[in-house]
Amino acid sequence: MIEVLKNKEQASMIENMLVMMINMVVMCAFLVIIFGAFSGISDKWGMRQTTREYMLIMETEGYLPASDQTALIAELESYGLYNISLSGTTMREVNYGDQIYLKISGTYNKNVLAFVGGISKVSNHPVTITINRQTTAKQ
């Protein structure tokens, strides 16, 4: 009788360990997915903040100077944006009260967790991002 109880205790202990191990694996997979999603959100938020900073410069200057264009592109590239186009952006000085535009488009590699044949892998999914802002010149 005592041997039967010992065997049951060992079996239940092994079952508990297996359940805990499976829970740990599922929890780690869940955290990887969540952190992957937040990194993309963080990059997009950073791009929008950068755009806002340069809109303030454009309000003051009345346009986007060449030196600021280069700096803007470099900052956006640091967030993972590439093939950046500033077409439609106000590049020449305008008068006080005139509309100024900042139009940015580029490609961003969005990381997607794909399940192929029971194996998960992260794949890049290129997404076109367009940011349009306008305000009035205040110089």
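Sequential numbering from 1 along the given sequence is applied to the chain's residues.
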Looking at side-chain heavy atoms only, is the closest gap between [X] and [Y] below 4.5 Å?
X    : Y    : result
L102 : Q134 : no
Y101 : N132 : no
L76  : I104 : yes
T130 : T128 : yes
E53  : M58  : no
L72  : L86  : yes
Y79  : K44  : no
I129 : M47  : yes

* Report the distance from atom OG1 of T135 to atom CD1 of I100, rounding to the nearest 0.5 Å. =>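 Separation between the atoms: 5.5 Å.
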* Is there a donor-acceptor contact under 3.5 Å from the side chain of Q69 to the main chain of L64? ->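 Such a contact is found between Q69 side chain and L64 backbone.
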* Asked: Can you find a side-chain donor-acceptor pair between Y108 and D43 that sits under 3.5 Å?
  ->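 Judged by distance alone, the side chains do pair up.
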* Could you list all the side chain to side chain donor-acceptor pair (under 3.5 Å) pairs where at least one residue sits in residues 87-96, not counting sequence neighbours? =>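 Output for this query lists S85-S87.
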Nearest non-hydrogen partners of [X] and [Y], listed with the distance:
X   : Y    : answer
G62 : A137 : CA-CB, 4.2 Å
Y63 : M91  : CD1-O, 3.2 Å
I73 : I84  : O-CD1, 3.8 Å
Y82 : P126 : OH-CB, 4.1 Å

* Does T136 have any side-chain hydrogen bond (donor to acceptor under 3.5 Å, both in side chains) partners at least two apart in sequence or in another chain, and if so, which? ->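 side-chain hydrogen bond (donor to acceptor under 3.5 Å, both in side chains) check on T136 returns K138.
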* Asked: Hey, any chance I14 and V25 share a hydrophobic cluster, counting ILVMFWY side chains that come within less than 4.5 Å of each other, even indirectly?
  ->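 Per the 4.5 Å side-chain linkage, I14 and V25 are not co-clustered.
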